[in-house]
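Below you'll find the structure, written out as structure tokens, and then a few comments.
Protein chains get the first letters and strands the later ones, always in sequence-line order, with residue 1 at the start of each.
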There are 2 protein chains.
Amino acid sequence: MTRIPAPERRSALIEAALRVAARVGIAQATTRAIVAEAGMSLASFHYVFDSRDELIDELITTVVAREQQAVIPDLSPGQSLAELLESGIVGYFEHLKADPEHEQAMLELTQYALRSPERRSLALAQYARYTELAERSLELAAEVADVTWRIPVSEVARVLVAFTDGLTITWLVDRDDDAARAVAHVAADALSRMADPR
Amino acid sequence: MTRIPAPERRSALIEAALRVAARVGIAQATTRAIVAEAGMSLASFHYVFDSRDELIDELITTVVAREQQAVIPDLSPGQSLAELLESGIVGYFEHLKADPEHEQAMLELTQYALRSPERRSLALAQYARYTELAERSLELAAEVADVTWRIPVSEVARVLVAFTDGLTITWLVDRDDDAARAVAHVAADALSRMADPR
DNA sequence: TCCGGACTGGGACGACCGTCCCACTTCGGT
DNA sequence: ACCGAAGTGGGACGGTCGTCCCAGTCCGGA
């Protein structure tokens with residue numbers, strides 16, 4: 001009824017698609033389910049998106065781009081590097097616990113992107129972004145703890161991403177908070193050994 | 001044409017389904033794609049399976065049950081625990097590299113199972129199995145290296161599963177062998193610190 | 001040899017999917 | 001006040017999905 005300009009409608013549909021994907025998975029995020037969530041008609045969908053795939057692609061791009069501060073920890077000084085890293089990872093874990101379905105949808109989005117050659121780059125960009133965020137957190141932690149990374153931060157960051165990913169999947173399956181915290185502890189300890197006092 | 005008894009047909013269909021799922025993903029593993037892969041008609045499918053979901057469930061169960069020796073490393077003595085663990089993880093990594101699509105399908109299967117409440121237990125069983133295999137490898141490594149685990153092996157195993165899972169996903173995305181090996185190295189180092197000399 | 005159950009092939013069904021079309025309404029600029 | 005563009009609603013189309021049905025074929029035991 002109320003008329004909405006195309007660009008606004010695009011982002012409204014992307015938000016709706018994200019909610020639907022979190023609730024029922026991307027496979028079930030049909031055009032009809034998305035427009036129902038957004039309270040629109042199918043025509044409005046195809047007025048602003050050529051295809052569902054175009055929306056999914058933009059969904060990945062958008063969500064990855066905004067993944068910002070959620071995971072960047074605020075670190076209080078006076079702690080060892082290992083402690084800083086652990087509280088950083090635990091911070092991410094709290095974020096995961098706060099909205100597990102969102103993170104599950106992110107995982108599905110990656111798998112989805114990996115399944116078609118022309119979408120592979122989206123998965124790569126997603127993980128490049130994760131690594132970039134991890135890198136920033138690691139630099140911050142090193143600064144606060146007054147240490148320097150022995151190997152390039154980007155490489156440490158790549159390991160951190162792998163560890164948090166593993167933490168995510170296993171927790172999504174068994175929902176074992178203690179086990180996840182143990183992973184965080186061990187991972188932080190391992191990463192902290194990759195730095196030297198300044 | 002050639003007549004096949006029902007139990008044989010069941011397993012033939014499951015094998016076919018696994019191949020299809022590895023090739024194109026579970027979402028695209030339709031009943032028609034599966035019977036085409038198995039060289040049967042749709043009627044044969046529903047003669048032995050009530051529904052596609054029943055096959056998928058049995059697919060998960062079957063594949064998880066047989067996941068056996070693939071990941072259990074054969075360890076040569078004379079190495080430190082960290083070295084043993086690293087070569088074990090690298091062994092898994094080689095297994096992953098040998099058939100990435102299979103591991104990708106396993107990941108999709110997990111996500112699929114997590115999406116419906118009545119299938120959640122399948123994902124749990126899958127990871128319980130992973131943990132069990134990890135546990136056996138860890139016990140073996142500890143024996144060869146003549147050390148004992150400071151905390152319950154099952155807890156160490158759970159961490160190892162998380163680490164290998166993280167290694168798997170990140171590598172499936174960026175296919176960076178060196179980075180994966182770095183993850184293996186760091187993970188092995190971290191785990192080795194959870195044991196004491198005997 | 002026959003008969004009942006096991007198995008097969010092909011076609012059909014209803015549901016849902018992504019996409020498209022077209023008549024209609026609203027809006028901003030002139 | 002008017003007009004072209006922007007936006008909307010509803011219905012339809014072709015395709016694919018899971019599932020089902022049924023007439024037929026094969027086989028082993030009586």
Discussion item. Rounded to whole Å, please give me the gap between CZ in R10(A) and P in dG7(D).
Written reply: 12 Å
Discussion item. If you take any heavy atom closer than 4.0 Å to DNA chain D, which residues from residues 24-39 of chain B end up in contact?
Written reply: T30(B), T31(B), R32(B)
Worksheet entry | Parallel, tilted or perpendicular, as decided by the 30° and 60° cut-offs, for the rings of F163(B) and F163(A) | parallel
What protein N or O atoms touch nucleotides 27-30 of chain C N or O atoms at under 3.5 angstrom, if any, and at what distances?
none

Discussion item. In whole Å, I'd like the distance from the OH atom of Y47(B) to the P atom of dG24(D).
Written reply: 19 Å
Worksheet item: Between atom CD in E8(B) and atom P in dC27(D), what is the gap in whole Å?
Response: 14 Å
Response to the item:
d(R150(A) CZ, D196(A) CG) to nearest 0.5 Å is 4.5 Å
Item to complete: Give, for atom CG of L84(A) and atom CG of L191(A), the distance between the pair rounded to the nearest 0.5 Å.
Response: 12.5 Å
Item to complete: Please list, by residue number, the residues of residues 110-120 of chain A whose heavy atoms come closer than 4.0 Å to an atom of DNA chain C; answer none if no residue qualifies.
Response: none
Worksheet item: M40(A) has an atom CE; how far is it from atom C1' of dG18(C), in whole Å?
Response: 18 Å
Discussion item. Rounding to an integer number of Å, can you tell me how far F45(B) CZ sits from dC17(D) C1'?
Written reply: 12 Å
Item to complete: Specify the separation, in whole Å, of atom CG of L42(B) and atom P of dC22(D).
Response: 17 Å
Worksheet item: Going by distance alone, is a donor N or O of one side chain under 3.5 Å from an acceptor N or O of the other, for Y130(B) and Q126(B)?
Response: yes
Discussion item. Using a 3.5 Å distance criterion without hydrogens, assess whether the side chain of T168(A) forms a donor-acceptor pair with backbone atoms of T164(A).
Written reply: yes
Worksheet item: Among L85(A), L138(A), D165(A), which residue meets the side chain to side chain contact (heavy atoms under 4.5 Å, CB included) test with L160(A)?
Response: L138(A)
Practice prompt. Measure from CG on L13(A) to P on dT19(C) and round the result to the nearest Å.
Written response: 13 Å
Response to the item:
Sorted by chain and number, sequence neighbours left out, salt bridge (charged side-chain N to carboxylate O under 4.0 Å, His left out) with R10(A) holds for E54(A), E58(A)
Worksheet entry | Euclidean distance, R120(A) CZ relative to L172(B) CG, rounded to 0.5 Å | 8.0 Å
Fill in: Which residues share a side chain to side chain donor-acceptor pair (under 3.5 Å) with R119(B), sequence neighbours left out
D57(B), S116(B)
Worksheet item: Do D53(B) and Y112(B) have a side chain donor and acceptor closer than 3.5 Å?
Response: yes
Item to complete: Using whole Å, report how far CD1 of I4(A) lies from P of dT26(C).
Response: 15 Å
Worksheet item: Does R175(A) have any side chain to side chain donor-acceptor pair (under 3.5 Å) partners at least two apart in sequence or in another chain, and if so, which?
Response: none
Worksheet entry | Proximal nucleotide (of dG9(C), dC20(C), dG7(D)) relative to the H46(A) side chain | dC20(C)
